[in-house]
Enquirer: 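Sharing a structure, written as structure tokens. Questions coming.
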Amino acid sequence: MSAAAKPLSTDALADQTSTHRAAYWELAQRIASSEIFARSEFLPKFLLYICDRQLSGRTHEITEQQIGERVFGRPAGYSPGEDNIVRNYAGQLRKRLEVYYERVGKGDAVCISIPRGGYVPVFQPRNPIGESSPTNTGPVEPLPVEAKPVEPLSFTPAATFPAATSSNRHWLMFALGVGVCTLVFAAALLAYRAQAHATRYSTSHPLWSSLFSSNQDTFIVPADSGLGILQNLTEEPAALADYANGKYLSSVKLREMDDANLDDLRTQRYTSIADLAITARLARLPEVIPNRFVMRYARDLRMDDLRNGNAILLGAIHTDPWVNLLQQNLNFQFVCEKHVNECRIVNLHPAPGEHQTYASPATDPSQQTFAVIAFIPNLSRSGHLLLIGGLNMAGTQAAADMLLDSESIQPILQSARRPDGSLQPFELLVETSSLGAEALPSRIIAARYGP
């Protein structure tokens with residue numbers, strides 16, 4: 001957005017016509033149908049819903065509760081405090097809008113943004129729409145309602161409905177009839193969705209039920225970020241055996257660093273904020289058995305933990321050498337050079353259309369990156385292990401977001417389900433882009449099922 005761009009003033013809004021509303025609505029539709037949004041099922045609906053409510057002056061309907069029910073099909077009266085899908089997608093929507101204006105919408109006259117702390121969109125013209133050029137001094141206020149409100153599942157802006165005149169009275173009667181039928185259909189559809197979601201939420205999640213059980217501990221293992229820093233500075237990779245017995249951490253040397261700072265990296269337990277956020281989300285899953293939920297730092301993990309319990313490992317191989325042990329029989333494997341930023345994912349047996357190597361190009365403006373999700377038996381085949389690992393923090397975050405989104409992971413679980421309802425092992429290769437260190441919505445580009 002240009003530095004000179006300012007929101008429309010409140011006074012200028014008084015002169016806005018339906019043409020202006022139509023222009024804003026067309027912009028929202030164009031963004032929602034762009035390639036930046038095309039891969040997501042819910043983000044276009046999310047954007048169109050809040051833009052429609054703002055442009056029709058119904059900002060009181062732009063709440064987390066109503067977005068959850070009307071956009072994401074959550075049952076009426078669901079608890080946003082327990083189900084944070086709207087907040088998660090709102091963050092993704094803000095990032096996706098930034099990417100749109102960086103790539104596709106550089107020449108757009110108007111920017112749509114969603115200020116943090118709420119979900120009401122703001123339209124900020126770079127250049128005035130139409131012939132007039134009002135003074136831009138303040139934020140866009142909700143536009144006044146000029147016609148019949150739109151039906152909740154429809155995203156046709158209210159401003160496109162004609163005014164009630166004698167020349168179109170018959171058309172209005174027809175439109176009202178269609179509107180009543182649509183409302184009846186929408187009510188039935190919402191009731192069906194509520195029942196379907198209530199049924200789905202009442203049954204346990206097959207993946208999390210496999211990983212959390214009352215007779216086994218489940219270890220959540222965040223990445224060892226301090227180890228990653230040490231390997232990056234020394235260019236000495238840590239072998240799993242030396243890492244597990246403490247030899248690497250006690251013997252590593254670095255001339256450019258004083259002993260106090262070096263000992264800090266050797267002894268302190270550093271991890272990423274992304275891994276902590278994932279751990280917190282895992283801890284809130286309804287399938288968790290509290291007295292069996294154990295957070296274990298990578299340096300404290302032992303072979304018996306992976307042999308006798310369930311475990312979820314976060315991060316890539318350069319921040320957790322235990323990944324070496326898990327990936328020995330996987331198709332998608334991490335390979336790192338001396339520098340931690342030189343890691344890549346190798347596809348041992350590429351299928352048609354797949355590549356043999358996936359890496360994050362340093363010169364890629366979209367910061368494309370990749371991650372691996374692997375669900376496999378534990379070392380004694382008495383439980384399960386889950387690897388959620390990316391080439392960087394954004395990759396790990398994207399993989400976790402996909403796993404924790406029931407809509408995204410449902411097709412995978414269906415493909416992995418055995419006739420008896422249990423899950424067979426599976427591997428997923430995930431592609432995403434990052435904005436800073438945060439992941440944008442992702443997609444699965446390759447999958448493997450079975451041993």
Side-chain angles (χ1 to χ4, degrees), residues 39 41-42 72-75 83 85 192-220 281-282 284-289 292-293 305-314 323 325-333 345 347-354 371-389 398-431 442-451:
R39 294 174 181 172
E41 176 184 357
F42 290 109
F72 297 97
R74 291 307 191 243
D83 184 345
I85 189 171
Y192 169 79
R193 285 183 175 178
Q195 182 179 4
H197 279 272
T199 301
R200 183 176 68 189
Y201 291 165
S202 66
T203 59
S204 59
H205 192 288
L207 177 62
W208 306 125
S209 295
S210 300
L211 287 159
F212 298 103
S213 64
S214 59
N215 59 354
Q216 286 177 304
D217 288 336
T218 299
F219 299 94
I220 312 300
R281 293 173 68 186
L282 291 170
R284 293 195 296 267
L285 291 172
E287 291 81 10
V288 166
I289 311 297
R292 290 291 194 176
F293 185 94
D305 299 334
L306 303 178
R307 181 179 293 112
N308 302 321
N310 302 306
I312 302 175
L313 275 68
L314 308 175
V323 175
L325 188 64
L326 270 64
Q327 71 173 5
Q328 290 178 357
N329 297 316
L330 297 183
N331 180 70
F332 306 118
Q333 297 189 1
I345 296 172
N347 182 359
L348 295 184
H349 305 286
E354 296 177 357
V372 172
I373 298 171
F375 176 71
I376 58 177
N378 68 2
L379 300 185
S380 66
R381 307 188 71 84
S382 62
H384 300 89
L385 305 176
L386 179 65
L387 170 63
I388 308 175
D401 287 344
M402 177 169 290
L403 276 176
L404 290 162
D405 180 4
S406 58
E407 299 287 348
S408 297
I409 200 62
Q410 189 61 33
I412 299 300
L413 299 182
Q414 290 292 345
S415 299
R417 193 184 298 272
R418 296 189 179 102
D420 63 0
S422 64
L423 294 179
Q424 61 180 321
F426 62 85
E427 301 175 52
L428 308 175
L429 181 59
V430 179
E431 177 194 38
S442 52
R443 67 185 183 111
I444 297 170
I445 57 175
R448 300 290 188 272
Y449 300 95

Enquirer: Rounded to the nearest 0.5 Å, what separates atom CG in Leu379 from atom CG in Leu326?
Expert: 7.0 Å

Enquirer: Any chance you could lay out the side-chain contact (heavy atoms from CB on, under 4.5 Å) test for Ile412 and Met402, step after step, and finish with the verdict?
Expert: CA-CA 11 Å; Ile412 299 300; Met402 177 169 290; over 6 Å; no

Enquirer: Counting C-beta onward and ignoring hydrogens, is there a side-chain heavy-atom pair between Glu287 and Leu211 closer than 4.5 Å?
Expert: no

Enquirer: Any side-chain heavy atom of Leu386 within less than 4.5 Å of one from Trp208?
Expert: yes

Enquirer: If I take atom CD1 from residue Ile373 and atom OG from residue Ser442, how far apart are they, to the nearest 0.5 angstrom?
Expert: 7.5 Å

Enquirer: Determine yes or no for a side-chain-to-main-chain donor-acceptor pair under 3.5 angstrom, with Glu427 supplying the side chain and Arg448 the backbone.
Expert: no

Enquirer: Is there side-chain contact between Phe293 and Ile220, with heavy atoms separated by less than 4.5 Å?
Expert: yes

Enquirer: Partners of Arg284 by salt bridge (Lys or Arg N to Asp or Glu O under 4.0 Å), sequence neighbours excluded?
Expert: none

Enquirer: Any side-chain donor paired with an acceptor under 3.5 Å for Glu354 and Asn347?
Expert: yes

Enquirer: Heavy atoms, side chains only, cut-off 4.5 Å: are Val372 and Gln327 in contact?
Expert: no

Enquirer: Step by step, would you call Val288 with Leu282 a side-chain contact (heavy atoms from CB on, under 4.5 Å)?
Expert: CA-CA 8 Å; Val288 166; Leu282 291 170; 5.8 Å; no

Enquirer: Using the ring pair (Phe, Tyr, Trp, His ring centres under 6.0 Å) criterion, which residues pair with Phe375? Sequence neighbours excluded.
Expert: His384, Phe426

Enquirer: Rounded to the nearest 0.5 Å, how far does CG of Leu404 lie from CG of Leu285?
Expert: 6.0 Å

Enquirer: If you define the side chain from C-beta out and look only at heavy atoms, does anything of Asn331 sit under 4.5 Å from Leu348?
Expert: yes

Enquirer: Kindly write out the residues that satisfy salt bridge (Lys or Arg N to Asp or Glu O under 4.0 Å) with Arg417, not counting sequence neighbours, or none if the list is empty.
Expert: none

Enquirer: Find out whether Ile376 and Asn329 are in side-chain contact, i.e. whether some heavy atom of one side chain is under 4.5 Å from a heavy atom of the other.
Expert: no

Enquirer: Rounded to the nearest 0.5 Å, how far apart are CZ of Arg443 and CG of Leu428?
Expert: 13.5 Å

Enquirer: Let me confirm one number: the CD-CD1 distance from Gln333 to Ile345, rounded to the nearest 0.5 Å.
Expert: 11.0 Å

Enquirer: Please answer whether the main-chain N or O of Gly383 pairs with a side-chain N or O of Asn310 as donor and acceptor at a distance below 3.5 Å.
Expert: no

Enquirer: Judged by atom type as modelled, is there a donor-acceptor pair below 3.5 Å linking the side chain of Arg292 to the main-chain atoms of Ser214?
Expert: yes

Enquirer: Please confirm whether the backbone N or O of Arg307 pairs with a side-chain atom of Ser380, one donor and one acceptor, at under 3.5 Å?
Expert: yes

Enquirer: Taking all non-hydrogen atoms of both residues, which atom of Asn378 and which atom of Gly309 are closest, and how far apart?
Expert: ND2-O, 3.0 Å

Enquirer: With a 6.0 Å cut-off (strictly less than), is the heavy-atom count around CZ of Arg381, excluding the residue itself, greater than 12?
Expert: no

Enquirer: Would you say that Pro377 contacts Pro425 through its side chain, given a criterion of any heavy-atom pair below 4.5 Å between the two side chains?
Expert: yes

